Each structure stands twice: as structure tokens, then as C-alpha cells.
Amino acid sequence: MRAAADYTFHHAAPEAGDFYQEVIDGLSQPARFIPPKYFYDHAGSRLFESICEQPEYYPTRTETALLKQYASEIAGLAGEDCYIIEPGSGSCEKVRLLLDALHPAAYVPLDISCDHLKMAAACVADDFPWLDVHAVCTDITAELSLPFIPEKTRSMMFYPGSSIGNFDPPHAMDFLSCLAKVTGQDGHLLIGVDLKKDKEVLDAAYNDASGVTAAFNLNVLQRINRELAGDFDTEAFVHHAFYNGVRGRIEMHLISERKQTVRVDGHSFEFNAGDSIHTENSYKYTIDEFQGLARQAGFTPCRVWTDSDDLFSLHYLRVV
Ligand code: AVJ
């Protein structure tokens with residue numbers, strides 16, 4: 001039995017993404033966009049947690065049920081005393097479902113939202129006193145370096161929630177390759193991937209009746225106003241989300257309701273009525289499509305679990 005468990009906090013990339021530069025660049029393109037990682041300031045992280053509780057948003061509860069149901073099988077695959085590394089750990093809720101069954105040597109949550117990460121990771125450390133927790137504040141889309149993971153430690157990357165859907169397929173492949181590199185030989189990956197399904201179900205999940213997803217989307221404009229001295233009239237933009245079947249992805253946009261000029265720290269941006277800012281893609285995969293992608297990234301599929309309605313998939317893979 002180990003003595004006192006560790007809790008440490010690391011700031012891997014102090015700048016954690018260049019919000020200002022990426023917003024100015026994204027709004028200056030003919031097809032305007034803002035990267036979805038900037039949704040997650042404190043307010044945005046809270047709104048995202050509320051999305052996960054909406055009745056239309058099936059991914060969270062479906063994946064949670066799969067994790068609960070298959071925790072001991074997952075533990076059997078992961079083996080004892082591994083390191084669980086979770087990129088984009090958010091509220092660190094889902095990993096809790098695995099900790100008792102897996103009894104890992106350490107938990108390493110990585111997130112861009114530092115204050116949120118600190119709180120969530122400290123809560124896990126409190127609730128699981130035997131567990132080493134090493135929280136790392138970092139932009140996982142920029143770089144994944146984990147200096148303090150001891151060599152020869154077997155690690156299981158945990159990437160739930162279908163966050164992989166935010167990358168387009170070539171970038172998803174790159175990101176998975178990165179995960180394979182970081183976990184190294186004998187590395188494992190447990191990843192949640194949302195499945196292709198009827199458009200009505202998908203459209204509803206991103207257009208909840210309570211308007212939480214709309215508020216989440218619009219919050220990025222409020223964040224620009226707060227942090228970058230922007231003057232977005234958030235009442236003059238509307239949330240627009242739909243499943244694009246040709247591309248196999250949900251698209252989220254903010255649509256300008258009228259002709260208007262927006263200023264962000266001295267830069268001016270002209271919008272006509274109907275003009276869009278593309279804020280998010282959320283790609284959906286069949287099981288075969290995802291396994292094909294993972295194979296190209298250097299993983300071997302090992303096991304896949306789905307719910308009885310085929311809404312969501314949970315994959316266990318190993319580095320070849
Ligand atoms: C965190 C990227 C998995 O795509 O479903 C939820 C984000 N956006 N509702 C998703 C999100 C709008 C979510 N991911």
C-alpha cells in the first residue's frame with residue numbers, strides 16, 4: 001500500500017491557446033469560424049454540463065450507462081495499476097465510474113479550462129484518497145507532453161464524450177496518432193464515439209427545447225465581449241445547429257439576424273443578415289468507420305460496446 005497519495009497541478013502551456021489571435025483570424029476568413037475549444041470558459045463549462053443533462057442530449061447518459069455496465073470488463077483489459085490519462089477532462093465525472101474497478105496508480109486529467117480543472121481534479125483527489133492525481137492545464141489540440149509520467153508505466157488514455165467528433169477525420173487521425181505516441185508501446189485507449197443515426201435524433205440533441213445548447217453557443221460571443229473587448233450584440237445572433245448527412249457531422253453556427261458591424265479590440269467585422277460564424281463540428285461515425293481511422297493511427301481495436309438502441313459506442317483499443 002502506498003503512503004499518502006499525491007495531488008499536483010501543472011501549467012503545461014500557460015497561454016493555453018491564443019484566444020485573441022484565433023478569434024481575429026477566424027472572423028477575418030470568408031467562411032468565419034471560431035474554434036470550439038473556446039466555448040469552455042467558466043460559464044461555458046457550466047453550460048456544457050447542463051447540456052449533458054438535457055433529455056434530448058443522449059450521449060452523456062448513454063455513455064455513462066455503458067461505463068457503469070462494463071467497468072469490470074474494462075478493468076480486466078486495462079490491468080492493475082495503470083495510469084489513466086484523460087485529455088479534455090472537463091468535470092472529471094466519468095472517470096469516477098472506473099476508479100473503483102480499475103484501481104489505477106494515478107489519474108492525469110488534462111484540460112484547457114484551468115480553474116475548472118483545478119476544482120474538478122481536487123474533488124476527485126478528495127473522494128479517492130488512495131489515488132495520485134496529477135492535473136495538467138494545457139491545450140490538448142496544441143501539444144500533448146506529459147513529463148512526469150514514469151517510463152515503462154502502462155497508460156490508458158480515456159477520451160470519453162465523443163470529443164473526437166470535434167476534429168475532422170484527418171485531424172482526428174492525427175490526434176489519435178498523438179495519443180498512440182504518448183501512451184507508447186502497450187498503450188491503451190478507451191474512447192467514446194457518437195454513432196451515425198437518424199437526423200431527427202441528432203438535430204434534437206443539438207437543439208434542446210430549453211435552449212441550453214443555444215446559450216452555450218452564444219456564450220462564446222459573450223466571452224469575446226468580456227475578454228477581448230468585443231461589442232457583439234448577442235441578441236442579434238441566433239443558434240443554428242443541424243446534421244449535415246453528406247459530411248456526417250453536426251454543424252453549429254451563429255447566424256447574424258441583420259446587417260451589422262461588430263468590433264473586437266479595434267478590428268471591425270461586417271455581417272449581413274443570414275451570415276454565419278461556424279462554431280463547431282461534431283462528427284459521427286459508424287463502428288467500422290471509427291475502427292478504420294483508429295487502425296490508421298496505430299491502434300488495434302480490441303472490444304467495442306454499444307447500447308441497445310445503437311446510439312453510442314465505447315471502444316477499447318491497443319497500440320499495435
Ligand atoms: C464535447 C464535442 C462531444 O459535440 O456533442 C454538445 C459538444 N456541442 N452540444 C458534442 C457539444 C453542443 C460535444 N462534444
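Whatever order the structure lists them in is the order used to number ligands and atoms, beginning at 1. These figures come from a predicted structure and were not determined experimentally. All residue numbers refer to positions in the sequence shown, counting from 1.
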Verify the ring-centre separation between Phe39 and Phe216: is it less than 6.0 angstrom? yes

Aromatic ring proximity, centroids under 6.0 angstrom, Phe232 and Phe237: yes

Taking the six-membered ring for Trp, are His116 and Tyr40 ring centroids under 6.0 Å apart? no

Closest protein heavy atom to atom 13 (C) of ligand 1, given as residue, atom name and distance to 0.1 Å: Tyr57 OH, 3.4 Å

Parallel, tilted or perpendicular: which one describes the rings of His267 and Phe269, with boundaries at 30° and 60°? parallel

Less than 4.0 Å is my threshold; does some heavy atom of Ser163 fall inside it relative to ligand 1? yes

Backbone or side-chain N or O of Ser162 under 3.5 Å from ligand 1 N or O: no

Is there a nitrogen or oxygen of Asn166 sitting under 3.5 Å from a nitrogen or oxygen of ligand 1? no

Among the heavy atoms of Phe39, does any lie under 4.0 Å from an atom of ligand 1? no

Has ligand 1 got any nitrogen or oxygen that is less than 3.5 angstrom from a nitrogen or oxygen of Glu280? yes

Near Phe216, which atoms of ligand 1 are under 4.0 Å from a heavy atom of that residue? 8 (N)

Derivation of the ring pair (Phe, Tyr, Trp, His ring centres under 6.0 Å) call for Phe9 and His134: CA-CA 6 Å; Phe9 183 82; His134 302 292; over 10 Å; no

For atom 3 (C) of ligand 1, the protein heavy atom that lies nearest, with its residue and separation: Gly161 O, 2.9 Å

Evaluate the criterion side chain to side chain contact (heavy atoms under 4.5 Å, CB included) for residue pair Ile224 and Ile34; output intermediate values, then yes/no. CA-CA 10 Å; Ile224 292 170; Ile34 300 171; 3.7 Å; yes

Tell me, please: is Tyr40 in heavy-atom contact with ligand 1, that is, under 4.0 Å? yes

Ser282, any N or O under 3.5 Å of ligand 1 N or O: yes

Verify the distance criterion only: is there a donor paired with an acceptor across the side chains of Gln260 and Asp233 at less than 3.5 Å? no

